[in-house]
Structures are given as C-alpha cells and as structure tokens.
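Following: one structure in structure tokens, then a few remarks.
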Amino acid sequence: MIDYAQALNEAQYQAATSGDGPVLVVAGAGSGKTRTIVYRLAWLAENGISPDAMLLLTFTRKAAQEMLHRAGMLLNQGLTGVQGGTFHAFSFSVLRRWKPAWLADRPFTVMDAADITAAVKHCKDDLKLGRGDKSFPKTQTVVGLLSKSRNKELPLDEVLRREAFHLLPHADSLTRLGDAYDSYRREKGLMDYDDLLFELEALLRNNEMAAASLRQRFSHILVDEYQDTNLVQARIVRLLAGPEDGPPGNVMAVGDEAQSIYAFRGANVRNILDFPKFFPGTTVIRLEENYRSTKPVLDVANSLLAHAAESFHKNLFTRKEGGELVRLVTPMSDASQAKIVVRRIEELLRDHMPHEIAVLFRAGFHSYNLEMALNQAGIGFRKYGGLRYTEAAHVKDVMAYARLLLNPLDLPAFARVAAQHSGIGPKTVEKLYAVARSGDAASTEKAFGRHTGFLEDMRFINDLRTRPMSPSSTLAAVLEHYRPRLETLYPEDWPRRQQGLEEIIQMASGYIHLDLFLADLALESPEEDENDTEGKITLSTVHSAKGLEWNAVCIIDLVEDRFPSRHALARPEDFEEERRLMYVACTRARQNLDLYAPASLYNRAERGSQHVNQSPFVRELAPNLVEEWIEGFGGILSRRAAGSSGGAQPSYQARFQARPLARPQATPDYAAFDDCQLPAEQEKTSPGQSFSQSRNFAPSPAPAGSGATPTGSTGGEIKGDAAQGQLCYCTHRIFGRGKIIKHLSPEKVQVNFPGFGLKVILSEYLLMEN
DNA sequence: CTGATATGGATTTTT
DNA sequence: TCCATATCAG
C-alpha cells in the first residue's frame with residue numbers, strides 16, 4: 001500500500017484521495033500537479049476502480065502516457081487499460097465506433113493542417129472569391145477566421161467585427177466560403193479538428209445509447225490543463241460526467257488560470273472559473289506551494305502576475321531559500337545573443353545534464369540564429385514547436401495512399417497522389433475525382449487516358465484494399481510502390497527521407513488499426529525516439545514547453561514585437577495572454593533563469609540591424625529582482641550595477657552597422673542615445689495600460705490625460721529614410737503598425753500593414769513615428 | 001490547362 | 001529566406 005499522507009502535502013492528499021463528486025484542483029505552476037494526478041490514479045486503482053473506467057484527458061498524449069507510467073510504477077504493476085490522450089484523439093476513438101448519421105456508414109478521415117488549407121483554397125477557387133481583389137484575405141487568414149468562429153462559437157461577422165474590422169466588407173463572401181467548406185467535408189467524409197469535438201458533443205446529446213454506454217464505462221474522468229479547454233470541450237466533459245439534468249459524476253479538473261495561453265484557439269478561462277457553477281457540488285482544492293523553482297525565479301514570476309491588468313490573486317511560495325539571481329542579459333544584437341547563449345550553455349553544461357537545459361522563445365523562427373550557432377559549437381539540440389517531420393512532403397505522400405485506401409472519397413489525399421504525376425493539375429484532379437467517384441470503370445479508364453501512372457496508383461490502392469494486412473505491412477507495401485518516385489523527386493537526400501519513412505512504418509507496428517494510426521499522426525506529432533533526446537538540450541516555443549521543466553532555462557528575444565508578439569498589441573486581452581505566456585516560460589525553470597533582450601535585431605527588409613526596445617515584461621521588473629549583464633566591445637559581458645539604468649541599453653555598434661551609408665552616425669555614445677529613450681514617466685507606466693492607451697488613441701489629439709506623446713514601441717529607432725525627411729512607419733488604431741509606401745497627397749498615404757495588406761489612409765488617422 | 005518564372009511581401013502560438 | 005500569387009508560353 002502507498003502511504004499517501006507521507007508522499008503528499010495536505011492539499012495534494014485531499015485531491016488525490018477525494019471521494020465521489022466533482023473536484024476542481026487549482027494548481028499553481030510547479031505545485032506538484034502532475035504528482036497529484038499520478039497519486040490520484042494510483043489511489044483510484046487501489047480502491048478498486050478498474051483502469052477501464054478511468055478517462056485521462058490531457059494536453060498531449062505524451063503527458064498522459066507519462067502520468068500512467070508513473071502511476072504504474074507506484075503500484076508496482078502496470079496501469080493498463082486507462083484511456084488517455086487529447087480531447088481530439090479521444091473523440092476520434094469514440095466517433096469511429098459511433099459514427100455521425102451524416103456519414104451514413106462511410107469511412108472518414110481526420111484532416112491535418114495542410115488538408116484544411118487545401119480544402120479552403122479549393123472552395124475559394126470554386127466560388128471564384130478574391131480573384132484579383134487584393135483586399136480579400138489569403139487562404140491562411142480565412143482558415144484562421146473560420147476556425148476562430150467555430151472555436152469561440154461566434155458568427156463569422158462577429159469575429160470580424162472584433163478582430164479584423166477591415167474585412168467586414170467581405171463578411172458575406174467569407175460566410176459563403178465557410179458554408180462551402182462545411183459541405184466539402186461532409187461530401188468527402190472528412191473531419192477537421194473542430195468537427196471532432198462538435199461531433200462528439202452531438203453524439204452525447206443525440207444518441208442516448210452511446211451516451212449511456214460512455215457514461216457507464218468512464219466512471220472517473222480526469223482533465224488536465226483545464227484552463228485551456230474551450231466551450232465545447234467543457235460541455236463534452238459535462239455530458240460525459242452524466243446527464244445534464246442530473247448531478248455530475250466523478251470529474252476532476254486540474255488547471256491554473258494564470259497559465260491560460262490558448263485563448264487564440266478559443267480556450268476560455270471562464271471554463272475553470274465557472275467550473276463550480278457548471279458542476280454543482282464541486283470541491284475546490286488549491287495547491288499553492290511551489291516545489292520546482294528557487295525563490296529568485298519565483299519572485300520574477302510573481303512580479304509578472306502582480307503587474308497583470310486583472311490580478312490573479314496568486315502568490316506562489318517556496319521553502320527553497322537562496323539560489324542564484326535571475327540574469328538579465330543585453331547582447332548587442334541578435335547575432336551576438338546566439339553566441340552569448342551558446343557560451344552560457346557550455347557553462348551550464350558543466351553543472352547540468354544536457355536534457356536539463358532549455359532555451360525558450362515566442363515563435364519558432366526566433367531560434368534560427370541560435371540553431372546555427374549551436375551547430376557550429378557542436379551542441380546537440382532537439383527542437384519542439386517548429387515544423388514537424390510528419391509534415392514533410394514525402395511523408396504526406398505516403399500517408400495519402402493509406403488514406404485513400406481507407407476513404408476513397410478523401411479528396412486531399414487523392415490530389416496528393418495525383419500531383420505526383422506530371423501533367424495533372426487542379427483541373428484534371430477535379431475531373432478525375434469526379435469519374436473515379438462515379439464508380440463507372442469504363443469511363444474512368446477512358447478519362448484517365450494518358451495518365452497511366454496515376455491509374456496504376458489507383459489500381460495499386462484498390463488491390464491493397466482487398467488484402468487486409470497490418471498497418472505496418474500496408475505502409476511497407478506503399479513505400480515499396482513509392483520508392484522509385486522518392487528517388488527521382490529527391491535526388492539529393494532520398495536516403496534520409498526513406499529512413500524517416502521506415503521509422504514511421506516502425507511506429508505503425510504498435511497499432512492494430514490503420515485508421516487510428518492515421519488519426520494519431522494528424523492529431524499529434526508522434527513521440528520522438530528517446531535515444532534522440534539523449535545528450536541534447538531543448539529548444540522550444542513557450543507553448544510547446546507547457547507542463548515541462550528544466551534546471552536551467554534561457555528565454556531569448558525578449559524584445560518588443562517579438563515577445564510580446566507584435567500581433568498581440570492591438571487588444572488588451574491579447575497582451576495579457578502574452579503576459580501569462582511569459583509567466584509560463586519563467587516558471588519552467590528550477591534553478592537558473594536567464595532573460596536575453598538583444599539591443600538590436602537584424603531586419604531583412606531594411607538590410608541592417610535596428611535598435612529594439614526591451615520587452616515591457618523585462619522593463620517592468622524591479623532592479624533588485626535581476627542581475628544585469630551587458631555586452632560590450634569584443635563580446636565581453638560585464639555586470640551592471642543594479643538599477644543603473646531603466647530602459648533598453650543602446651547598441652552603438654548596432655546603430656553603426658544599421659546603415660553605414662545612409663548618413664554619418666551621430667556621436668556613438670550612450671548620452672546621445674538617451675535622447676531617443678521614451679519619456680521616463682511613460683516608461684514607468686504599467687505596460688498593460690500604456691499599451692492599450694497608446695494603441696487605442698483617438699485620431700487627432702494626443703491621448704487624454706497623459707501629456708506624453710504616444711511614441712509606442714519605436715522610441716529609439718534610427719531610420720535612414722527618416723533621416724532623409726521621409727516617414728517610414730506609422731501606427732493605426734485598428735491595423736497597428738505599418739510601413740508607409742507612398743505619400744499620395746498631403747493628407748493621404750499608402751501604408752502596408754502586416755497581415756492586413758496595402759491601405760490608403762487619411763494621415764489624420766495615423767500616428768507617425770519619428 | 002499546366003508548369004515555369006517573376007515578383008512582391010512578410011514571418012505566432014496548436015489540436 | 002521562403003511562400004504565395006500573378007503572369008506567360010507551350
């Protein structure tokens with residue numbers, strides 16, 4: 001028997017051993033959340049609950065597997081039979097048994113991101129939308145809007161009104177496009193991410209038999225990361241926990257509202273806040289002692305939350321006194337940031353194993369420089385959150401065969417196979433799909449005409465369908481068939497790609513049903529080889545780092561426009577999400593936390609380095625919370641006395657490199673640079689406020705109240721063109737920051753707003769920079 | 001219609 | 001650098 005009281009603190013113990021009824025565990029970062037779930041699983045098993053009756057919904061399959069593994073270890077025996085994984089994967093496993101009526105017994109396929117884009121593009125072309133109209137949103141943008149509308153359960157025009165004001169004229173077209181995309185999926189037996197959730201909800205509501213059976217089977221439901229569920233996910237949990245008119249059964253939701261970072265995907269913090277209302281009779285348990293981080297790390301994290309616009313009433317505490325101060329490092333440029341981080345990692349490697357070190361960043365491409373520097377230094381790394389290798393063309397090619405085998409109506413897969421043959425473009429695909437679908441062998445044969453290669457592919461697939469084999473044998477046969485093409489398509493690196501495909505076949509051998517393997521591939525990147533992680537440090541986006549922890553964490557590119565992302569500046573709620581993201585990033589660290597805020601970034605468009613300001617999250621940190629280091633000449637880091645300077649330090653070198661030909665540089669000293677700093681008073685304002693104020697200014701007069709000019713994010717920027725008397729950038733109340741392309745008249749300018757495209761705007765609505 | 005070439009523009013986060 | 005769209009020749 002396990003001694004729960006010994007192994008857990010009081011709150012954890014209460015959670016792990018709680019009896020029947022709904023429970024909400026509010027678990028601060030590093031408060032032993034995973035440990036609590038693991039002991040909960042073990043406790044249930046020890047108290048006679050069959051693993052079959054447990055459902056563990058987590059953010060990734062890996063998280064579920066790890067918890068089950070650890071619970072199994074505690075019990076000194078495996079804990080097999082527990083259903084565990086993401087909402088989406090769970091939905092798929094249910095829906096393949098209880099198919100929605102509209103499928104009428106046809107097979108169905110789960111679409112991945114590329115399929116969704118292709119499908120929307122197809123519908124867009126079909127409806128002849130946006131042809132020659134530059135103001136019409138790009139396919140990617142449309143995909144995002146449609147998904148947002150469904151995830152937030154708002155009509156499309158409402159989404160436009162809130163987030164993409166300028167697209168309102170296209171509201172009707174976009175709605176039609178959305179409808180066309182809906183029919184596309186239904187006709188072809190396809191489901192996207194959102195469908196999986198909504199169809200499961202529909203099943204639980206409309207199919208009494210299925211609902212009753214699922215409720216009976218899953219008597220104990222655990223949901224991790226509850227703060228990142230969206231509305232439909234919350235309803236699914238409620239419906240699984242019992243009929244809505246009855247009392248909810250045994251549900252335990254675990255989460256932390258301060259770590260909600262998926263609102264952009266429709267996650268709703270209200271879910272966790274309203275849990276007790278939604279599940280009457282809830283017991284709320286709070287875990288507030290932090291076991292992960294040292295005090296200095298926690299102080300920085302707590303400070304971030306303290307500056308939040310909406311307070312979280314959260315203050316994590318630790319008994320781990322002492323520990324190194326958090327470092328705030330100012331490299332001269334992004335290039336030297338990479339070098340400094342590499343040096344720092346070499347230093348950290350003396351005390352820590354590689355897998356205990358991570359570098360985190362806001363967006364996948366922020367790590368490119370660092371990746372190159374690490375390669376040069378011979379330091380191995382594993383990157384999370386970038387492009388997945390299952391998204392590589394050759395993998396998708398092979399999987400397309402398997403998908404067609406299961407679902408002959410899968411148009412994206414059909415197109416994928418067809419496109420491997422020269423002479424077949426979108427139009428021909430359309431034609432061939434129509435005849436192949438009609439099922440008339442004679443006319444099909446005729447229509448394929450000279451496209452004999454493709455016809456052979458189809459024959460191959462049909463043949464394969466008549467011979468049931470294991471998933472891995474099927475895929476092996478496909479690879480055999482595809483191999484000659486692999487070699488012609490990728491003459492340079494086909495051996496490597498082939499090896500990758502063989503690994504995938506290996507992974508498939510763990511599956512009995514091919515459709516489950518395909519769904520898993522679309523829903524989640526398969527877990528990496530454990531040997532692959534060995535001896536490697538981790539690079540990760542903050543989103544992908546959720547739930548993980550390391551001894552030492554470096555966060556890079558902590559500058560304006562990167563972290564927080566420049567897309568998050570327009571609306572205060574987006575800005576607050578960035579703050580929580582920063583909180584998540586900092587709380588990943590156990591002992592060492594380094595913050596890097598380079599003084600300049602290389603800018604492709606400008607072909608030079610540009611000064612950038614520190615992230616507001618860095619600027620707001622009290623000087624005593626960090627130990628400041630600054631890079632001087634020759635890449636030498638030196639300590640700066642605490643509080644010696646408030647703002648971002650200038651990089652004289654960066655300025656000098658920026659535009660050597662544009663104009664003679666001003667005297668390269670810091671005093672000269674200080675003139676460019678933001679007014680001290682504004683800099684001290686809480687960033688949440690200063691951003692919403694400066695971004696939402698009234699058209700002509702300066703913002704009410706403050707006498708300061710809302711120079712926004714570019715106080716210290718040096719611009720060649722500006723020096724020649726031309727304005728380069730401006731800020732618009734709705735579109736944000738844009739580049740001025742042309743002065744059309746004294747009052748009109750043409751501006752390019754990233755994400756919004758070219759606009760002609762009256763100057764009075766613009767705030768000019770410089 | 002397809003496929004090659006030019007051009008222009010920009011770059012979150014993920015199931 | 002990389003991607004998407006526009007344009008053009010076969």
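A note on names: the letters A, B, ... follow the listed sequences, proteins ahead of strands, and every chain is numbered from 1. Note that these values count all heavy atoms, side chains included, but never hydrogens, waters or copies made by symmetry.
- Summarising the geometry, the separation between CZ on Phe365(A) and C1' on dA10(B) is reported as 9 Å, rounded to the nearest angstrom.
- Distance alone, capped at 3.5 Å, places no donor-acceptor pair between the Thr452(A) side chain and the Gly449(A) backbone.
- Separating the CZ atom of Phe136(A) from the C1' atom of dT5(C) is a distance of 15 Å, rounded to the nearest angstrom.
- Under the rule for a salt bridge (Lys or Arg N to Asp or Glu O under 4.0 Å), Asp334(A) has no partner lying at least two apart in sequence or in another chain.
- In this model, no donor atom of one side chain and acceptor atom of the other lie less than 3.5 Å apart for Lys383(A) and Ser540(A).
- Here Asp125(A) does not pair with Lys128(A) in a salt bridge; the nearest charged N to carboxylate O distance is not below 4.0 Å.
- With Glu225(A) contributing its side chain and Val254(A) its backbone, the two residues share no donor-acceptor pair below 3.5 Å.
- Spacing between atom CZ of Arg61(A) and atom P of dT15(B) amounts to 11 Å, rounded to whole angstrom units.
- Less than 4.0 Å separates DNA chain B from no heavy atom of any residue of residues 111-122 of chain A.
- The ring pair (Phe, Tyr, Trp, His ring centres under 6.0 Å) test applied to Tyr511(A) returns Phe517(A), not counting sequence neighbours.
- Close to dT13(B), at under 4.0 Å from its OP1 or OP2, lies no side-chain N or O of Ser565(A).
- Taking atom NZ of Lys383(A) as the reference point, atom P of dT12(B) lies 13 Å away to the nearest angstrom.
- At the heavy-atom level, Phe87(A) lies nowhere under 4.0 Å from the strands shown.
- Here Phe264(A) packs flat against the base of dT13(B); its ring centre is closer than 5.5 angstrom to the base's six-membered ring, tilted by less than 30 degrees.
- Between the side chains of Asn230(A) and Tyr262(A), no donor N or O sits under 3.5 Å from an acceptor N or O.
- For the pair Gln140(A) CD and dT13(B) P, the interatomic distance rounds to 12 Å; values are reported in whole Å.
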Give me, pair by pair, the N or O atoms of the protein and of nucleotides 2-5 of chain B that are less than 3.5 Å apart, along with how far apart they are.
{"from": "dT2(B)", "atom 1": "OP1", "to": "Gly425(A)", "atom 2": "N", "distance (Å)": "3.1"}
{"from": "dT2(B)", "atom 1": "OP1", "to": "Gly425(A)", "atom 2": "O", "distance (Å)": "3.4"}
{"from": "dT2(B)", "atom 1": "OP1", "to": "Thr428(A)", "atom 2": "N", "distance (Å)": "2.9"}
{"from": "dT2(B)", "atom 1": "OP1", "to": "Thr428(A)", "atom 2": "OG1", "distance (Å)": "2.3"}
{"from": "dT2(B)", "atom 1": "OP2", "to": "Lys427(A)", "atom 2": "N", "distance (Å)": "3.2"}
{"from": "dG3(B)", "atom 1": "OP1", "to": "Gly423(A)", "atom 2": "N", "distance (Å)": "2.3"}

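- Nucleotide dT13(B) holds its P atom 13 Å from the CG atom of Asp557(A), rounded to whole Å.
- The listed nucleotides are dT14(B), dA4(C), dT11(B); the one nearest the side chain of Ser544(A) is dT14(B).
- In this structure, a donor-acceptor pair under 3.5 Å is absent between the side chains of Gln420(A) and Asp457(A).
- Look at NZ on Lys138(A): it is 9 Å from C1' on dG8(B), rounded to the nearest Å.
- Per the stacking criterion (ring centres < 5.5 Å, plane angle < 30°), His567(A) stacks onto the base of dT12(B).
- A gap of 23 Å separates the C1' atoms of dT5(C) and dT12(B), to the nearest Å.
- What separates CG of Asp228(A) from P of dT14(B) is a distance of 12 Å, to the nearest Å.
- Within the structure, ring pair (Phe, Tyr, Trp, His ring centres under 6.0 Å) contacts touching residues 121-154 of chain A (residues at least two apart or in different chains) are His122(A)-Tyr184(A), Phe136(A)-His170(A).
- Applying the salt bridge (Lys or Arg N to Asp or Glu O under 4.0 Å) test to Glu549(A) and every residue at least two apart in sequence or in another chain returns Arg292(A), Arg590(A).
- Listed pair Thr139(A) / dT5(C) meets the phosphate criterion, a side-chain N or O lying under 4.0 Å from OP1 or OP2.
- When the side-chain nitrogen and oxygen atoms of Thr541(A) are compared with OP1 and OP2 of dT12(B), none of them lie within a distance under 4.0 Å.
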